[in-house]
Amino acid sequence: MHDLDLTSLRLFVAACDHRNIARAGEQEHIGASAISKRLAQLEQQVHASLFERHRRGVVPTAAGEILLEHARAMLATADRVARDMAAYRHGVKGQVRVLASVSSITEALPDDIAAFLQMPAHAQIRVDIEERTSSELVRALRDGLAPLGVCWDAADLEGLQSRPYRHDELSVAVHPDHPLAKLKACELAQTLEYDHVGLPANTAVHTMLARAAAIIGKPIYYRAVVSTFDASLRCVQAGLGLAVMPKEIVEGSGQTKRVRVVRLKDGWAKRRFAVCYRNYEQLSPAARLLVDHLSPRRRGSA
């Protein structure tokens, strides 16, 4: 097989994403006939039919799905090479992209990365952080779209390597006048009698609470669904409901006079976070340094 052409692979991925060659051409600013010719040449190269062609568009064949997985990884690698070399020209000797859950970003991750970058030996390393849900994060790592991720270790990390990072503890944030405010600790079952303030359905906290409530056999009644923990606290302060969220975030917000924190006694309320990646040995030197720094043994605490 001749060397695969990255331009053809990019056009192939666009056609798969859009399920339509004309729309792929609009995205890539190239005519549909030119894309069709490139795709036909690609099929000759790999000795397989890559699409089922229908009147309304195209659908990848089984062989196409296999190539799609490899094509995404190859294009992501090529993009990283381009970014890293551009960064090198501007004096940055290492660049690491980190995908992270909202909890890890709201809690300690920015401070830990800042401490890493402040070390003289890391002066020419750049770290970019992007927020993702745990499921999106894991999918991106498996597809080779980012080298590192930080998320709750209960996520499906199959196929990835990981190291422990930090831990936190979920608690119940309530208005001072709420019936639960006088308690020091409670179980989730006790909160199900009251309105909740929740995060979107694709977040790890929402998924975990839904699973726990299903085991109890009672639903969670959400009076408000917001996108951030800060917005959750504002809703709690307004008396719209209670919110299950990390104790560390409530205490770090400076709102403990306006919100009461009630410890959750359920075993799953104590969460562990992990730094995950596909293969430690295949990470860039800068990424390996960051993984080592985020390890509890290197930080000196969990």
Side-chain angles (χ1 to χ4, degrees), residues 69 72-73 76 96-113 127-172 188 196-216 220 222 225-230 232 243-250 264 266-283 287-288 290-299 301-302:
E69 179 180 355
R72 291 191 193 280
V96 186
R97 181 175 174 229
V98 181
L99 306 184
S101 66
V102 62
S103 292
S104 64
I105 292 177
T106 309
E107 295 180 38
L109 184 61
D111 291 335
D112 289 337
I113 290 178
V127 178
D128 298 324
I129 310 174
E130 296 181 24
E131 181 184 316
R132 292 286 191 277
T133 64
S134 294
S135 58
E136 293 171 340
L137 181 156
V138 169
R139 189 181 310 116
L141 293 184
R142 287 176 180 154
D143 290 344
L145 302 180
L148 299 180
V150 179
C151 65
W152 185 31
D153 71 353
D156 180 11
L157 301 181
E158 183 179 357
L160 299 176
Q161 297 177 3
S162 66
R163 288 191 190 180
Y165 173 46
R166 287 184 177 268
H167 63 260
D168 70 3
E169 183 176 351
L170 292 177
S171 63
V172 183
L188 178 68
H196 278 235
V197 176
L199 295 176
N202 62 347
T203 59
V205 171
H206 186 285
T207 302
M208 180 182 58
L209 292 178
R211 185 181 301 120
I215 293 173
I216 295 170
I220 300 177
Y222 287 106
V225 175
V226 296
S227 60
T228 67
F229 287 122
D230 182 62
S232 295
V244 176
M245 58 192 303
K247 172 175 64 69
E248 292 78 3
I249 290 178
V250 184
L264 267 178
D266 302 82
W268 46 259
K270 293 184 177 180
R271 304 189 302 173
R272 297 181 303 272
F273 291 90
V275 183
C276 43
Y277 37 85
R278 289 206 297 179
N279 188 310
Y280 178 82
E281 298 302 326
Q282 294 177 3
L283 292 173
R288 289 198 297 270
L290 180 57
V291 169
D292 293 343
H293 173 80
L294 294 177
S295 169
R297 293 187 299 274
R298 293 294 296 272
R299 292 197 321 273
S301 67

In residues 136-149, what donor-acceptor pairs under 3.5 Å come from side-chain atoms, sequence neighbours left out?
{"from": "E136", "atom 1": "OE1", "to": "T133", "atom 2": "N", "distance (Å)": "3.2"}
{"from": "E136", "atom 1": "OE1", "to": "T133", "atom 2": "OG1", "distance (Å)": "3.3"}
{"from": "R142", "atom 1": "NE", "to": "E158", "atom 2": "O", "distance (Å)": "3.1"}
{"from": "R142", "atom 1": "NH2", "to": "D156", "atom 2": "O", "distance (Å)": "2.9"}
{"from": "R142", "atom 1": "NH2", "to": "E158", "atom 2": "O", "distance (Å)": "2.9"}

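Listed here is the closest heavy atom pair of A243 and S232: CB-CB, 4.3 Å. Taking both residues in full, the closest heavy atoms of A201 and T207 are given as O-OG1, 3.7 Å, listed atom of the first, atom of the second, then distance. Heavy atoms only, all atoms of each residue included: R166 and D112 are closest at NE-OD2, 2.8 Å. Of all heavy-atom pairs spanning S227 and L199, the tightest one is C-CD2, 4.0 Å. L188 approaches A212 most closely through the heavy-atom pair CD2-CB, 3.6 Å. The heavy-atom pair separating V291 from Y280 by the smallest distance is CG1-CE1, 4.1 Å.
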Inset, instruction - Begin with the C-alpha distance, continue with both residues' side-chain angles, and end with the deciding distance and a verdict on side-chain contact (heavy atoms from CB on, under 4.5 Å) for V244 and H196. - result: CA-CA 8 Å; V244 176; H196 278 235; 4.1 Å; yes
Inset, instruction - Assess whether side-chain contact (heavy atoms from CB on, under 4.5 Å) is satisfied between V102 and T228, documenting all intermediate values. - result: CA-CA 8 Å; V102 62; T228 67; 5.7 Å; no
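Residues M208 and L170 meet the side-chain proximity criterion, which asks for heavy atoms closer than 4.5 Å. No side-chain heavy atom of S101 sits under 4.5 Å from any side-chain heavy atom of L109. Side-chain contact between Y277 and R163 is present, with at least one heavy-atom pair separated by less than 4.5 Å.
Within the 3.5 Å criterion, the main-chain N or O of E107 finds no donor-acceptor partner in the side chain of E248.
Here the straight-line distance linking atom CZ of F273 with atom OG of S134 works out to 8.0 Å at 0.5 Å rounding. Here the CD1-CG distance, from I249 to D230, works out to 10.0 Å after rounding to the nearest 0.5 Å.
Applying the side-chain hydrogen bond (donor to acceptor under 3.5 Å, both in side chains) test to every pair with at least one member in residues 266-276, sequence neighbours left out, gives these pairs: S103-R271, D153-R272, D168-R271.
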